[in-house]
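Everything below concerns the one structure shown next.
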Amino acid sequence: MTGLLRPSAVGRSPVRVDGPAKVTGRAPYAYEQPVREPAYVHPVQATIARGRVTAIHTGAALALDGVLTVLTPENAPHLERGIDPELEILQSPDVAFRGQLVGAVVAETPEVARQAAGLVRIEYERAEHDCVFSADRTDLYRPEVVNPSLPTDTSDGDVGTALRDAERTVVATYTTAMTHNNPMEPHTTVAVWDDDGLTLYDSTQGVHAMRESVAPVLGLDPGVVRVVAPYVGGGFGSKGTAHAHLVLAALAAKRTAGRPVKLALTRQQMFSLVGYRTPTVQRVGLGADPDGRLTALSVDVVEQTARIKEFAEQTGVPARKVYAAPNRRTTHRLAALDVPVPSWMRAPGECPGMFGPEVAMDELAQACDIDPVELRIRNEPETDPETGLPFSSRDLVGCLREGADRFGWRRRDPRPRARLEDGWWVGTGVASSTYPVHASPGTTATVRISPDGRYEVLIGAVDIGTGAWTALTQIAADALGVPAEDVHLHIGDTDLPEAPVAGGSSGTTNWGSAIVAAARSFREKYGPDAGPGDEHTASTAENPFAQRYAMRAFGAQFAEVRVHADTGEIRVPRLLGVFAAGRIVNPRTARSQLTGGMTMGLSMALHEESVFDDRFGFVVNHDLAEYHIATCADVRSVEAYWRDEHDPYVNPMGTKGIGEIGIVGTAAAIANAAHHATGARVRDLPMTPDKFCE
Ligand code: MOS
């Protein structure tokens with residue numbers, strides 16, 4: 001039935017479609033997929049940062065009861081080379097970073113596999129390694145592009161002269177730490193070979209993306225590789241591209257004569273095998289007139305990449321988009337080191353890249369004696385500062401104003417170090433937030449009516465915990481004109497229509513648009529008499545407005561910080577964010593995305609740092625006991641609100657993406673609040689207590 005007067009499902013907060021299965025333990029995550037007689041694989045990792053394996057002694061491991069085989073560079077199945085150096089495991093004795101896979105044990109149980117992996121003895125010929133990240137290196141290089149394929153450097157006008165001539169200037173260096181994604185569910189893969197090919201049950205952000213990466217390396221036609229991921233316990237980017245363990249599981253299963261193989265990385269292994277956020281050094285220059293209007297804006301970034309594979313984080317990119325200034329420059333330079341390969345971490349580029357500039361804006365506000373909210377409003381551009389295109393919608397000013405009202409900004413005493421309460425310095429700060437709208441044309445969905453008369457919607461999307469199961473069901477219900485209860489969604493399988501990753505905050509844009517396209521043409525094709533067996537598939541086209549408008553979400557982050565006057569202990573009793581991110585499909589799951597991002601931003605601001613020992617080339621604090629992620633005790637009040645924003649250009653739903661914007665700007669707001677509290681300007685993350693006790 002089609003109900004014209006049916007209230008829209010979008011905009012409401014039904015309980016999660018996947019909730020009951022998850023809370024009752026019936027939702028199978030990758031490692032739990034029931035397969036017959038699985039064997040278990042445990043990796044062996046290089047213990048040198050550079051060199052080669054000269055001998056590998058597997059006798060003791062093989063002698064252990066329950067060990068099936070030991071894979072080494074000498075005996076591993078062949079892989080295609082020259083496609084992705086990170087994935088070409090066990091094909092040569094060369095070691096490119098500490099923690100790289102140099103072997104693996106397959107055994108009857110995970111415990112035996114792990115014990116045996118510890119018995120594999122490896123001899124190396126060491127080469128001198130270089131893991132020292134520094135902006136002062138003389139061998140920094142300019143990548144061709146920065147991620148995903150953006151200009152490395154941009155320049156308008158003459159920043160140097162404008163900075164020299166400016167009546168107010170801030171020129172300072174800001175740094176962000178190397179950090180690692182730690183989703184609750186580690187990276188796991190179950191690999192099964194049979195007569196039809198290879199099936200990978202994988203904890204991933206994108207089933208089709210994994211297939212496209214892994215099949216060619218394995219020398220397989222993608223058509224014989226199936227990737228399945230119905231439920232995933234978080235990713236944040238670390239499961240957005242294929243990593244070595246996925247290939248390892250496939251290789252191991254090739255050796256077990258049809259027996260499925262299960263692989264679960266340990267938390268420690270994740271610190272060298274699934275990517276990380278590069279440390280960044282950001283030299284920021286701001287020049288302004290006495291009224292705070294920017295005349296110059298420069299951001300020069302240095303970050304690291306791995307020598308075996310380039311990853312160029314787009315840290316300077318958000319500064320191209322947020323404020324107007326006639327003279328502008330952004331640059332990126334990389335240090336190529338003997339380190340694990342950096343990768344995606346929630347709001348790559350945008351998140352670290354809004355730290356330096358947004359703290360610099362706070363410093364400029366102080367230099368001009370202007371309220372930091374007002375300073376940002378004064379520098380609001382009329383069009384995209386980089387391209388001159390109009391924004392499809394932009395409500396940064398609305399976010400700043402509403403946030404200031406809700407937060408109680410008006411009562412703020414602008415003087416730093418003015419409020420001491422029970423031995424704690426108390427302050428508040430603000431920062432802007434932004435994240436682009438990404439879209440991948442060619443996303444496909446199928447709508448059909450099942451024999452029992454229910455609408456089925458099929459798409460190779462993945463819900464990594466975001467709420468996609470629920471949001472896509474709501475979008476499908478409205479597009480079909482039926483109640484959400486009548487829609488049965490199928491996701492998480494390459495057997496379903498092709499869809500891009502849950503990444504770049506683009507899931508709802510891409511998958512939702514494909515579902516709307518399929519539903520609309522289904523209704524046109526079959527009309528009100530649609531019945532069991534009717535089916536229609538459609539793909540998304542290029543958004544005709546993509547070249548005519550700049551499309552971005554914006555937000556304003558407010559923080560209250562307390563710093564202990566004696567110890568420097570820093571606490572964040574309150575975070576408040578207001579976001580303009582287009583239409584919100586499901587307020588319940590959206591709020592969870594936004595407050596989750598803000599919480600991760602708090603964690604980045606205060607705690608998260610992968611302490612890299614460049615003498616040995618590895619992260620010393622490589623477990624959750626020492627790599628501290630904000631816990632309940634660290635996080636107090638976190639409030640997220642959104643503007644009622646109607647954007648007719650972004651996509652048929654009017655959504656902009658909410659998975660990442662919550663983390664952008666949070667750390668800067670906290671740093672600015674910490675300065676307001678103490679008068680100490682901390683420009684380096686994380687803001688540990690020692691930085692307030694100098
Ligand atoms: Mo996210 S870092 O785009 O998976």
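Indexing begins at 1, ligand by ligand and atom by atom, following the structure's order.
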Just one of R320, K321, R394 clears the side-chain hydrogen bond (donor to acceptor under 3.5 Å, both in side chains) bar with D384, so which one? K321
Near ligand 1 (heavy atom, under 4.0 angstrom), the protein residues are Q205, F236, G237, W344, M345, R346, P348, A502, G503, G504, E660
Is it true that K656 and E645 make a salt bridge, defined as a side-chain N closer than 4.0 Å to a carboxylate O? yes
Salt-bridge criterion met for D647 and R552 (N-O under 4.0 Å): no
Could you pull out every donor-acceptor pair under 3.5 Å between side chains of residues 594-606 and any protein atom, sequence neighbours left out?
| from | atom 1 | to | atom 2 | distance (Å) |
| --- | --- | --- | --- | --- |
| T595 | OG1 | R591 | O | 2.9 |
| T599 | OG1 | T595 | O | 2.7 |
| S603 | OG | E608 | OE2 | 2.7 |
| S603 | OG | A630 | N | 2.9 |

Any ion pair linking R346 and E660 (charged N to carboxylate O, less than 4.0 Å)? no
Counting neighbours of CD on E144 that are heavy atoms of other residues, nucleotides or ligands and sit closer than 6.0 Å, is the number greater than 12? no
